[in-house]
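These notes are about the structure you will find just below.
All of these numbers come straight from a predicted model, not from anything done at the bench. Keep in mind that the numbers below use all heavy atoms, side chains included, and drop hydrogens, waters and symmetry copies. Residue numbers start at 1 and run along the sequence shown. Counting starts at 1 for both ligands and their atoms, following the listed order.
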Amino acid sequence: MTGETEPTRNINHVAVIMDGNGRWATRRGLPRLVGHRKGASRVREIVDLCPDIGVKYLTLYAFSTENWKRAEGEVAGLMSLFRRYILKEAKKLHENRVRVRFIGDRTRLDRKLIDLMASLEEKTAGNDHLNLTIALNYGGRDELTRAIRSLTEDAAEGRVAPEDVTEESIGFYLDTRYLPDPDLVIRTSGEQRISNFLLWQSAYAEYAFVETLWPDFSAAEFEDIVKGYSGRDRRFGAASA
Ligand code: IPE
Ligand code: IPE
Ligand code: MG
């Protein structure tokens, strides 16, 4: 629980699929966007906790490449929420020495949001207390497609030969080139699927699927889950010691 904040072993990078905002609102007879706003307000407490329990990387799935299929009003509301979130949280994140980065395809986002994202990345580039990565218009298949496109461009121009293509070099073409692989992926809201999140990077991640809807998810629950996984024997294909 929060309070006894001792560092966890093994869990350096936690990635979260923040799901259940819509159901949280619908169950209360409220518009889905109220759920998204409530969900966004849960992030701060978890960001504050991570460094205290030894989590140096936190990656949050905020909007997928498939989420454009939603009603126009919900998508517009989410985009406006992301803009307001950056404006509202930038100062505190920077004061807390959090380095913020975004992954995903920015080209489909609006100019104002793209500029806010870039300025937050720039402002916090020298911070090292926590690495917060927000996946916005992110999809694992889209990321791999863009990576293969750049790789084949480099190959066509003679900068890359077939023997240069290794697991490591592929990693450099991904949006996550500066991140270690996630050790633990948490999904809230009871769904047990990965919905196109970090497909390449999660090859050996542990998965925790919890019933709590994201707007009800607390830092205390986050800490319990992380601690529950921190003693696991992760064998990466080898035999147990
Ligand atoms: C997650 O909550 C937030 C986004 C996908 C943007 P949902 O909006 O998917 O909530 P449910 O799954 O409909 O309850
Ligand atoms: C995954 O949730 C994406 C985010 C949390 C941003 P979805 O709600 O979009 O996933 P599906 O559609 O239930 O698989
Ligand atoms: Mg959902």
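With hydrogens and angles ignored, the 3.5 Å screen pairs no side-chain donor or acceptor of Y173 with any backbone N or O of E143. The backbone N or O of G35 lies less than 3.5 Å from no partner atom in the side chain of W24, so there is not a single donor-acceptor pair. A donor-acceptor pair under 3.5 Å is absent between the side-chain atoms of T188 and the main chain of M18, judged by distance alone.
The nearest non-hydrogen atom to atom 8 (O) of ligand 1, considering only E74, R70, R27, comes from R70. Summarising the contacts of atom 10 (O) of ligand 2 with E66, E191, R193, R187, the nearest heavy atom is found in R187. The option from L78, V16, N67, D19 that lies nearest to atom 9 (O) of ligand 2, judged by heavy atoms, is N67.
A salt bridge is absent between K56 and D183; no separation between the charged side-chain nitrogens and carboxylate oxygens falls under 4.0 Å. In this structure, R23 pairs ionically with E191, as a charged nitrogen and a carboxylate oxygen lie closer than 4.0 Å. The pair R159-D164 fails the salt-bridge criterion, with no side-chain N (NZ, NE, NH1 or NH2) lying under 4.0 Å from an Asp/Glu carboxylate O. Between R149 and E153, no side-chain nitrogen of the basic residue sits less than 4.0 Å from a carboxylate oxygen of the acidic one, so the salt-bridge criterion is not met. Using a cutoff of 4.0 Å between basic side-chain nitrogens and carboxylate oxygens, D142 and R146 are scored as salt-bridged. Using a 4.0 Å cut-off between charged side-chain N and carboxylate O, E66 and R193 make no salt bridge.
Set against the non-hydrogen atoms of F63, the atoms of ligand 2 under 4.0 Å away are 6 (C). Of all atoms in ligand 1, numbered sequentially from 1 with element shown, those under 4.0 Å from a heavy atom of R23 are 11 (P), 12 (O), 14 (O).
Protein N/O/S atoms found under 2.8 Å from the Mg ion (ligand 3), listed by chain and residue number: D19 OD1.
Ring pair F63/W68 is perpendicular by interplanar angle, where above 60° counts as perpendicular and below 30° as parallel. Using a 30° and 60° split on the angle between ring planes, Y61 and Y138 fall in the perpendicular class, above 60°.
Residue Y61 places no N or O, backbone or side chain, under 3.5 Å from any N or O of ligand 2. At a 3.5 angstrom cut-off on N or O pairs, R32 counts as close to ligand 1. Where the criterion is an N or O separation shorter than 3.5 Å, residue side chain and backbone included, G22 meets it with respect to ligand 1.
Residue contacts with ligand 1: G20 is included, with a non-hydrogen atom under 4.0 Å away. Using a 4.0 Å heavy-atom cutoff, S64 is absent from the residues neighbouring ligand 1.
Looking only at protein heavy atoms, the nearest one to atom 14 (O) of ligand 2 is S195 OG, 2.6 Å. Considering only non-hydrogen protein atoms, atom 5 (C) of ligand 2 sits nearest to M18 O, 3.5 Å. The protein atom (non-hydrogen) at minimum distance from atom 6 (C) of ligand 1 is A62 O, 3.4 Å.
Side-chain N/O atoms of R99 and N127 include no donor and acceptor closer than 3.5 Å.
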